[in-house]
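Down below is the structure, laid out as structure tokens.
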Amino acid sequence: MRLSSGLLVASVAAGLLSVAATLLAMPAAALQFNLAMLLALLGYVLASRDVRRVRWAVGAGLGFLAVVVAMRLFWYQEQVDELGWLTYGQGAAKTALLARWREMIDREMLAALGLTLGVLCLAVGVLALPSRRRRRGVATTVLALLLFAWFGLNFARKLGRYPLPDLLGTVWPALLAALVTMGALALSGWRADRRWLLPVGLVLLSLVAADAYSDLAVAWSGWWVMAKPADAFLETGVAVSTSSEGFPQLSQAIEVAIALAGAGLVAVGALRSSREADAS
């Protein structure tokens with residue numbers, strides 16, 4: 001018990017440091033602390049031997065999320081100095097820029113796929129919990145439907161402006177992650193712990209998945225507009241990367257806090273729900 005408690009404390013500390021590093025515009029340190037937080041949380045779950053019902057599913061989900069962060073850290077470390085505003089004209093420079101842009105989109109698709117696998121495993125953990133509380137189940141189902149309606153309206157805005165098959169061919173991993181997370185949220189009320197950690201964590205992860213979809217869709221739509229054969233040109237002053245010089249990075253820090261809190265609350269909430277079910 002002391003080992004698992006120590007790992008949980010270490011996870012919380014690493015998560016706070018990741019948010020602080022993001023706020024201070026230190027992306028490498030933020031990713032490193034993010035990875036440390038997920039690994040410590042994974043250790044906490046695996047060390048909790050009294051929750052066999054959900055331990056391996058939740059542990060696998062955290063493992064996939066940790067792999068996504070590790071990939072992002074690797075991608076960040078291999079980047080050359082490409083910060084700031086780049087100017088390109090016609091010809092080879094434009095082709096190289098579009099190819100680099102497409103490579104970044106492909107990487108985001110891979111990260112979204114890792115997120116999907118992670119939330120799928122967490123959803124399996126939720127389904128493994130016994131159903132108990134009906135009133136809470138109705139509440140989380142209604143909340144999941146509201147989130148789904150909001151997400152659907154945002155998705156509908158893209159229709160008509162871009163070819164749907166091409167759009168879906170790019171955003172499907174993040175779209176699937178959002179749908180799976182909202183589905184798990186709808187079912188979580190019946191299986192929630194007394195403190196509602198599990199549903200709150202799934203709400204946060206639903207926002208994370210929706211944000212991943214939005215970022216991927218925006219990146220692809222920008223690339224598609226520039227890459228169309230009819231008007232494939234880039235104007236002077238087109239931004240292709242963002243600088244990390246701004247201080248403080250409040251919005252990014254909030255996004256990181258939501259993602260880490262969501263993963264942590266789902267993991268701890270699933271374990272608490274399992275223990276409460278065994279005790280009842």
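For the single chain, residues carry numbers from 1 onward in sequence order.
Distance alone, capped at 3.5 Å, is enough to place a donor-acceptor pair between the Arg191 side chain and the Leu129 backbone. At least one donor-acceptor pair under 3.5 Å links the side chain of Ser188 to the backbone N or O of Leu185. Thr140 contributes a side-chain N or O that, together with a main-chain N or O of Ala186, makes up a donor-acceptor pair within less than 3.5 Å. In terms of modelled atom types and a separation under 3.5 Å, the side chain of Ser11 and the main chain of Leu7 share no donor-acceptor contact. Judged by distance alone, with hydrogens and angles left aside, the side-chain atoms of Ser206 form a donor-acceptor pair with the main-chain N or O of Leu202 at under 3.5 Å. At least one donor-acceptor pair under 3.5 Å links the side chain of Ser273 to the backbone N or O of Asp193. When atom types are taken as modelled, the side chain of Thr116 and the backbone of Ala112 share a donor-acceptor pair closer than 3.5 angstrom.
The two residues Leu197 and Arg272 come nearest to each other via the heavy atoms CD1-CD, 3.5 Å. A pairwise comparison of heavy atoms in Ala219 and Trp101 identifies O-NE1, 3.5 Å as the closest pair. Between Leu205 and Ala263, the closest heavy-atom pair is CD2-N, 3.8 Å. Considering all non-hydrogen atoms of both residues, Ser18 and Val256 come closest at OG-CG1, 3.7 Å. Ala14 and Phe33 make their closest contact through O-CB, 3.5 Å (heavy atoms, listed as atom of the first residue, atom of the second, distance). Closest approach of Gly114 and Phe64 over heavy atoms only: O-CB, 3.8 Å.
Here the side chains of Leu216 and Met109 are in contact, with some heavy-atom distance below 4.5 Å. Between Leu168 and Phe155, some side-chain heavy-atom pair lies under the 4.5 Å cut-off.
Trp220 and Trp224 have parallel rings, their planes meeting at less than 30° on a 0 to 90° scale where 60° marks the start of perpendicular.
Separation of atoms CG (Leu207) and CD (Glu255) is listed at 10.5 Å; rounding is to 0.5 Å. Atoms OG1 and CG, from Thr170 and Asp106 in turn, are 8.0 Å apart once rounded to the nearest 0.5 Å. To the nearest 0.5 angstrom, Leu204 atom CG is 11.0 Å from Thr181 atom OG1. Atom CG in Leu35 sits 10.5 Å away from atom CG in Leu42 (nearest 0.5 Å). Put simply, CG on Leu115 and CG on Leu110 are 11.5 Å apart, with the number rounded to the nearest 0.5 Å. In this structure, CG on Leu17 lies 10.0 Å from CE on Met26, to the nearest 0.5 angstrom.
The cluster map of Ile, Leu, Val, Met, Phe, Trp and Tyr, joined by side-chain heavy atoms under 4.5 Å apart, puts Trp172 and Leu179 in the same cluster. Hydrophobic cluster membership is shared by Val268 and Val58, with clusters built from Ile, Leu, Val, Met, Phe, Trp and Tyr side chains linked at under 4.5 angstrom. A continuous path of Ile, Leu, Val, Met, Phe, Trp and Tyr side chains, each step under 4.5 Å between heavy atoms, connects Leu38 with Leu120, placing both in one hydrophobic cluster. When hydrophobic clusters are built by joining Ile, Leu, Val, Met, Phe, Trp and Tyr residues whose side-chain heavy atoms come closer than 4.5 Å, directly or via intermediates, Leu167 is grouped together with Trp223. Hydrophobic clustering (side-chain heavy atoms under 4.5 Å, transitive across Ile, Leu, Val, Met, Phe, Trp, Tyr) groups Val126 together with Val51.
Of the N and O atoms on the side chains of Ser274 and Arg53, at least one donor lies less than 3.5 Å from an acceptor on the other residue.
Residues meeting the side chain to side chain contact (heavy atoms under 4.5 Å, CB included) test with Trp56, sequence neighbours left out: Leu46.
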Given Thr141 and Trp190, is the side chain to side chain contact (heavy atoms under 4.5 Å, CB included) satisfied, shown in steps? CA-CA 9 Å; Thr141 299; Trp190 279 274; 3.1 Å; yes

Hey, mind stepping through Leu265 and Leu198 against side chain to side chain contact (heavy atoms under 4.5 Å, CB included) and telling me if it holds? CA-CA 6 Å; Leu265 290 175; Leu198 181 60; over 6 Å; no

Are Leu176 and Tyr213 close enough, and set up right, to give a side chain to side chain contact (heavy atoms under 4.5 Å, CB included), and what steps lead you there? CA-CA 9 Å; Leu176 182 58; Tyr213 160 79; over 6 Å; no

Between Arg107 and Met71, does a side chain to side chain contact (heavy atoms under 4.5 Å, CB included) hold up when you go through it step by step? CA-CA 9 Å; Arg107 287 183 172 184; Met71 288 191 303; over 6 Å; no

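The pair Arg195-Glu276 fails the salt-bridge criterion, with no side-chain N (NZ, NE, NH1 or NH2) lying under 4.0 Å from an Asp/Glu carboxylate O.
Other residues, nucleotides and ligands contribute only 12 or fewer heavy atoms inside 6.0 Å of the CZ atom of Arg52.
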